[in-house]
There are 2 protein chains.
Amino acid sequence: MVLNFKRESQHINISMLEEIEILKGFLRESKLRLTPQRQTILEVFLEYDGHAEVEDLFLIIQERDPTIGIATVYRTMNLLVECGLARENVLSQGQKSFEKLYHQSHHDHLICTQCNKIVEFEHPLIEKYQLEVCRAHGFTLRQHKMEIYGICIDCQK
Amino acid sequence: MVLNFKRESQHINISMLEEIEILKGFLRESKLRLTPQRQTILEVFLEYDGHAEVEDLFLIIQERDPTIGIATVYRTMNLLVECGLARENVLSQGQKSFEKLYHQSHHDHLICTQCNKIVEFEHPLIEKYQLEVCRAHGFTLRQHKMEIYGICIDCQK
DNA sequence: TAATTAATAATAATGGTTCTCAATTTTAAA
DNA sequence: TTTAAAATTGAGAACCATTATTATTAATTA
């Protein structure tokens with residue numbers, strides 16, 4: 001992949017270039033444009049560690065460019081989901097949170113019901129048996145989500 | 001368990017008696033009351049097959065007792081979740097759906113992303129490795145949710 | 001350049017859920 | 001009983017995350 005990107009934003013680092021290219025490609029195919037707003041939002045999202053809610057991202061984005069409205073953040077996050085860079089999770093209170101998908105190792109979630117901490121894990125055998133279940137039911141697997149709810153070690157004390 | 005229940009509603013059948021006792025017990029402990037409204041809502045929920053949204057339940061409830069308001073349905077469904085008779089799922093559009101928990105064999109979900117069909121399945125080894133993951137991270141397992149998204153056999157044609 | 005198309009910020013609208021409140025019912029106490 | 005306290009209700013208002021609308025601006029194309 002050729003990455004000839006004008007490094008006009010001080011926030012872009014090497015590891016983001018590929019993601020920016022992915023968004024660019026997706027936008028081009030959809031006859032959409034990579035605007036400064038969209039790029040800023042992608043950058044902030046990529047820098048954000050963990051599961052991001054729109055409100056969290058919006059606060060950071062406003063520091064960087066106070067003219068960007070929250071509707072644009074929503075619109076752009078939906079684009080990031082469409083092009084496969086982000087995944088949307090629905091929280092129990094009704095909002096959504098977004099996590100990075102590209103260049104992230106696949107993982108599932110352990111969620112503490114007391115302190116809401118999220119621990120990511122991976123188990124190859126669980127993955128394997130998921131495939132088995134899909135085959136048995138004639139499903140073509142696209143994605144999965146596994147959430148284990150419990151009490152974390154800190155909250156047990 | 002002693003089940004001496006006045007069978008005043010024609011909708012109660014034997015298999016519901018235990019659930020009604022569970023709700024009763026929970027309400028008693030919480031110093032709350034088993035009202036006719038709450039019982040009607042529980043009955044309709046227990047008769048409902050599959051994942052129920054409040055709006056679905058409300059339509060059926062209104063046929064049975066048009067005076068029951070939707071706020072009461074919401075309040076009661078939250079009670080059913082608290083006492084362990086129901087589980088709440090958050091749908092991607094933001095609403096909630098409820099599924100029965102008591103006397104239901106545990107199962108996970110295969111969800112078709114085209115037609116939204118939900119197929120329930122169970123895999124003992126997946127359960128086993130979940131426990132293993134919890135132990136490894138010091139979590140006390142309370143509950144889990146596994147959703148596999150894909151294209152069902154009918155939608156592949 | 002002009003014409004077309006896309007994107008934006010601000011704001012209004014949406015819709016599922018919860019809250020408020022006055023009225024009613026149930027329970028417990030006197 | 002009678003009375004007081006507590007719980008529950010339906011109706012509708014409020015909430016709030018998200019989406020749609022709109023007038024305006026920016027980018028692209030002819």
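Sequence lines set the chain letters: A, B, ... in the order given, protein chains first and strands last, and positions in each chain run from 1. Basis for what follows: all heavy atoms, side chains included, without hydrogens, waters or symmetry-related copies.
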Take atom [atom1] of [X] and atom [atom2] of [N], then tell me their distance rounded to the nearest Å.
X     : N      : atom1 : atom2 : value
B:E88 : C:dG16 : CD    : C1'   : 12 Å
B:Q62 : D:dT9  : CD    : C1'   : 15 Å
A:Q95 : D:dC15 : CD    : P     : 17 Å
B:I41 : D:dT8  : CD1   : C1'   : 11 Å
A:L34 : C:dA7  : CG    : P     : 10 Å
A:K96 : C:dG15 : NZ    : C1'   : 13 Å
A:N89 : D:dT18 : CG    : C1'   : 17 Å
B:Q39 : C:dT25 : CD    : C1'   : 17 Å

Inset, instruction - Flag yes if more than 12 heavy atoms outside B:K117 fall under 6.0 Å of its NZ atom; otherwise flag no. - result: yes
Legend entry - Within 6.0 angstrom of B:I153 CD1, more than 12 heavy atoms from elsewhere: no
Legend entry - Position toward the 5' end of DNA chain C (nearest nucleotide), B:V54 or B:P36: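 Closest to the 5' end, via its nearest nucleotide, is B:V54.
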Inset, instruction - Please determine, by modelled atom types, if B:E99 and B:N89 share a side-chain donor-acceptor pair under 3.5 angstrom. - result: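 Checked: B:E99/B:N89 side chains pair up, N/O donor to acceptor below 3.5 Å.
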Inset, instruction - Examine the side chains of A:H106 and A:E120 and answer whether a donor and an acceptor come within less than 3.5 Å of each other. - result: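 Checked: A:H106/A:E120 side chains show no N/O donor-acceptor pair below 3.5 Å.
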Legend entry - D:dT9 OP1/OP2 closer than 4.0 Å to side-chain N/O of B:T35: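 So the side chain of B:T35 is within the cut-off, an N or O lying under 4.0 Å from OP1 or OP2 of D:dT9.
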Inset, instruction - Considering just the side-chain nitrogens and oxygens of A:Q37, establish if one lies under 4.0 Å of OP1 or OP2 belonging to C:dT8. - result: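 Checking C:dT8 against A:Q37, a side-chain N or O does come within under 4.0 Å of OP1 or OP2.
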Inset, instruction - Decide yes or no for B:T113 and B:I151: does some side-chain heavy atom of the first lie under 4.5 Å from some side-chain heavy atom of the second? - result: yes
Provide a list of protein-nucleic acid N or O atom pairs under 3.5 angstrom, restricted to nucleotides 3-6 of chain C.
from	atom 1	to	atom 2	distance (Å)
C:dT5	O2	A:R33	NH2	3.3
C:dA6	O4'	A:R33	NH1	3.1
C:dA6	O4'	A:R33	NH2	3.1

Inset, instruction - Return the residues of residues 68-80 of chain A meeting this criterion: a heavy atom under 4.0 Å from some atom of DNA chain D. Order them by number, or give none. - result: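 Under 4.0 Å from DNA chain D: A:A71, A:Y74, A:R75, A:N78.
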Of all the heavy-atom pairs spanning [X] and [Y], show the shortest one and how long it is.
X      : Y      : answer
A:C83  : A:I22  : O-CG2, 4.0 Å
A:Q143 : A:L141 : N-CD2, 3.7 Å
B:F139 : A:G150 : CD2-C, 4.0 Å

Distance-only check: which donor-acceptor pairs under 3.5 Å involve side-chain atoms of residues 51-62 of chain B, not counting sequence neighbours?
from	atom 1	to	atom 2	distance (Å)
B:D56	OD2	B:Y48	OH	3.4
B:D56	OD2	B:E53	N	3.2

Inset, instruction - Could you check B:P66 against A:E55 and say which one's nearest nucleotide on DNA chain D is further toward the 5' end? - result: B:P66
Inset, instruction - Mind running side chain to side chain donor-acceptor pair (under 3.5 Å) on A:Q156 and B:T140 for me, showing each step along the way? - result: CA-CA 8 Å; A:Q156 285 170 29; B:T140 308; 2.6 Å; yes
Inset, instruction - Mind grabbing the angle between the end helix axes of the helix from C:dT1-D:dA30 to C:dA30-D:dT1? Five pairs an end, 10° rounding. - result: 10°
Inset, instruction - Not counting sequence neighbours, list each pair that qualifies as a salt bridge (charged side-chain N to carboxylate O under 4.0 Å, His left out) and has a residue in residues 140-151 of chain A. - result: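 Checked against salt bridge (charged side-chain N to carboxylate O under 4.0 Å, His left out) - neighbours excluded - no pair reaches residues 140-151 of chain A.
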Listing, residues 130-138 of chain B side-chain donor-acceptor contacts under 3.5 Å, not counting sequence neighbours, or none:
from	atom 1	to	atom 2	distance (Å)
B:Q130	OE1	B:H144	ND1	2.8
B:Q130	OE1	B:H144	NE2	3.4
B:Q130	NE2	B:H144	NE2	3.4
B:E132	OE1	A:H123	NE2	3.0
B:H137	ND1	B:V133	O	3.0

